[in-house]
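Computed from heavy atoms alone, side chains included, the values below leave out hydrogens, waters and symmetry copies. As the structure lists them, so they are numbered: ligands from 1, and atoms in each ligand from 1.
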Amino acid sequence: MTDEALKTPTDIKSNAAKTVAEALNGILADSFALYLKTKNFHWHVSGPHFRDYHLMLDDQAAQIIGTTDAIAERVRKTGNTTLRSIGDISRHQSIQDNNEDFVPAARMLIELREDNLKLVEKLREAKDIVDEAKDNATSGILDDWTDQAEERAWFLFEASRNA
Ligand SMILES: [Fe+2]
């Protein structure tokens, strides 16, 4: 079976839908990368603020993973295909993994804040692309994902203020 079989009908012009799909697949890969890094730090955080940070990072990870299904399904609804594997994620992600043995808690918060702001940047770029394609539904939902990423960056900033 070819790729043709997975072409969901859409009235969005096919090259425009393709660009939207590329932007969304990048955001999806970054969301998975950020989810796993947030969980990694949830598991490995240490120090006097352990409980606060451990719980905050779990909330944030749950929020991030909660967006992934809707991102992938926007790609399918607009006639394209989405990510299929961890390998696919690693080929599309721009947020870098952190495989260090030990990361101080303060450093974790700063790094996650930067990553969330990077995601906000990508969401803004995608917004221009989807508006150009007149993909209103994706445009609206991008606003929610942007608000959530900005909220995570805000919490991370406040929690790391004097760290
Ligand atoms: Fe946990």
Asker: Using a strict cut-off of less than 4.0 Å between a Lys/Arg side-chain nitrogen and an Asp/Glu carboxylate oxygen, indicate whether K127 and D143 qualify as a salt bridge.
Answerer: yes
Asker: Where do R113 and L156 come nearest, in terms of heavy atoms and distance?
Answerer: N-CD1, 3.6 Å
Asker: Any donor-acceptor pair under 3.5 Å linking the side chain of N40 with the backbone of L36?
Answerer: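 It does not hold such a pair.
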Asker: Do the side chains of K118 and D30 get close enough for a salt bridge, i.e. N-O under 4.0 angstrom?
Answerer: no
Asker: Around atom CD of E132, are there more than 12 heavy atoms of other residues, nucleotides or ligands at under 6.0 Å?
Answerer: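 Counting neighbours around CD of E132, 12 or fewer heavy atoms of other residues, nucleotides or ligands fall under 6.0 Å, so no.
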Asker: Using a cut-off of 2.8 Å, how many protein N, O or S atoms sit around the Fe ion (ligand 1)?
Answerer: 1
Asker: May I ask you to decide whether E150 forms a salt bridge with R124, counting only side-chain N to carboxylate O separations under 4.0 Å?
Answerer: yes
